[in-house]
Enquirer: 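To start, I am sharing the structure in question, which I have written as structure tokens.
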Amino acid sequence: MKVPVKIYANEALLEKMQQDRTISQAINVSKLPGIRKFSMVMPDGHEGYGFPIGGVAAFGEDGVISPGGVGYDINCGVRLVRTNLTMAEIKPKLNALLDSMYRNVPSGLGSSSGFRFNMTALDDITKEGVRWAVENGYAIEDDFEYCEENGSIAGADPSKVSKEAKSRGGKQLGSLGSGNHFLEIEAVDRVFDERSAKRMGIVRQGQILVLIHTGSRGYGHQTCSDYLQKMESASHRYNIDLPDRELAAVPVTSREGEDYISAMRSAANFAWVNRQLITHMVRKSFGVINSDFEKLDMKLIYDVAHNIAKKEEHMVDGENQTLYVHRKGATRAFGAGSKFIPQEYRDIGQPVLIPGSMGTASYVMLGQSGNDTLSFGSAAHGAGRFMSRSSARRRYPYEGLMSDLRRRGIQVRAASTDTVTEEAPGAYKDVDVVAEVTEMAGLAKRVARLIPIGVVKG
DNA sequence: ATGTTC
């Protein structure tokens, strides 16, 4: 090990991590060339491909970049949109709203969207990200302001993305996908920090918000696969000693490394535009509540990436260093004062969105000052899976699960019964515990707890 | 996560 492994957990979360390969995977990561300070696991960590999910690792310019440290779903992430509606106003129209959202936003495995972009347009989109969406009428100016990286990460080069990735992804831009991806109608359940909540336009208990969780679909998946394959042989060529072949990695300064970074950034912009197009359709869907949805104040609160590697400056051994921070199932969580936080939030910290599993709470948090030293400014990304998909399917039969959710006041629209059972609340860790541990560790602090009243799933 | 073993 070149650096220690640091795990943020309480006893129960740690015990769970000890039952799969989470910790041995974090140890493997700690052996990679050029790693700085720690190989880390966030409180929601569990076993993943090569790197643990919930893993954070930063490499210097003498170090490596690894697709396994980003994940298959490049820039999988979450965005939160507010409304000025209350629970009482929306309740009578909730079914119509969910039907409208389910109709307007294609979901499910292999789903394609109603948008059609040719290859030139797709390349422009992945170069420019949300800036393209603003210029083409799919976003308002504020949407750009309230995305991490403005939803437009620099250095994307779609010529480094395969034709296959483009042809898979092109028809999927503006679709939700499957697995744990969702659209959720949330009601504010509890506010922990009124001043900060107000800054985000969260002003009362029972206020309705919309949470959108999806990523780069087949475009990012194919890009990850392509580069894992290329790097497997390249890793050997650069004499990188891999403790696990799933950790395929190359020097950040190598041709293969630079190509992957350019392709990954293209996929990241794809994901931001995907969440943006879905936002556009969600806003339109609210037409069933008010024919003029612009009266509903549906502003973007924030959009975070939780599967990405970012070039950032951090203090290491008393000097400012350029690092490639891999966050896989982990959220950037910069504290107050960072110039990378929108002006409106700069004195309170970067919003961190922690979605729970279907039917459980989600959290709005803020990056804490001092987090930079602790975790390169990172926090958890969700509840974290507790049970395998197959176990969840066996344990939670569809009909019983649906009636249980209905009893708790949660309406569900889903493309697949298997997806619903695989995503049963019991298949995940307790998000309340993850949020509490994240706060106690000094990574991010709780601002608001949200509870779902309507869910659209793939 | 994913045209879920192209």
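The analysis underlying the following values was restricted to heavy atoms, covering all of them including side chains, and did not include hydrogens, waters or symmetry mates. Letters A, B, ... mirror the listed sequences (proteins, then strands); counts begin at 1.
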Enquirer: When all nucleic acid strands are considered with a 4.0 Å heavy-atom cut-off, which category describes A:Gln172: base, sugar-phosphate, or nothing?
Expert: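 If one applies the 4.0 Å heavy-atom cut-off, A:Gln172 turns out to touch the sugar-phosphate alone, with no base involved.
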Enquirer: Pick base, sugar-phosphate or nothing for A:Ser178, based on heavy-atom distances below 4.0 Å to the nucleic acid.
Expert: sugar-phosphate
Enquirer: Measure the distance from CG on A:Leu228 to C1' on B:dT5 and round it to the nearest whole Å.
Expert: 16 Å
Enquirer: Using the rule side-chain hydrogen bond (donor to acceptor under 3.5 Å, both in side chains), only one of A:Lys310, A:His306, A:Gln350 pairs with A:Glu148; which is it?
Expert: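 It is A:Lys310; the other options fail the test.
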Enquirer: Counting the atoms with a prime plus P, OP1 and OP2 as sugar-phosphate, which does A:Arg385 contact under 4.0 Å by heavy atoms, base, sugar-phosphate, or nothing?
Expert: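 The residue A:Arg385 makes no contact with any strand.
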Enquirer: Would you kindly check if the NZ (Lys) or CZ (Arg) of A:Lys230 is within the cone defined by 45 degrees around the ring axis of A:Tyr260 and under 6.0 Å from the six-membered ring centre?
Expert: no
Enquirer: Distance to the ring centre below 6.0 angstrom and angle to the axis at most 45 degrees; does that hold for A:Lys6 and A:Phe38?
Expert: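 Judged by the rule (NZ or CZ under 6.0 Å from the ring centre, within 45° of its axis), A:Lys6 counts as positioned above A:Phe38.
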Enquirer: Identify whether any heavy atom of A:Gly179 sits under 4.0 Å from a base atom; if not, whether one sits that close to sugar-phosphate; answer base, sugar-phosphate or nothing.
Expert: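 Sugar-phosphate contact only.
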Enquirer: Calculate the interatomic distance between A:Tyr72 atom OH and B:dT5 atom P; express it in whole Å.
Expert: 10 Å
Enquirer: Tell me whether the rings of A:Phe51 and A:Phe59 are parallel (<30°), tilted (30 to 60°) or perpendicular (>60°).
Expert: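 The arrangement is perpendicular - the two ring planes meet at more than 60°.
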Enquirer: Quickly work out the A:Glu164 CD to B:dT2 P distance and round it to whole Å.
Expert: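 Those two atoms, CD and P, are 16 Å apart.
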Enquirer: Whole angstrom is fine here: how far is it from OH in A:Tyr49 over to P in B:dT5?
Expert: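 The answer, rounded to whole Å, is 13 Å.
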Enquirer: How long is the line joining CG of A:Asp226 and C1' of B:dT2, in whole Å?
Expert: 13 Å
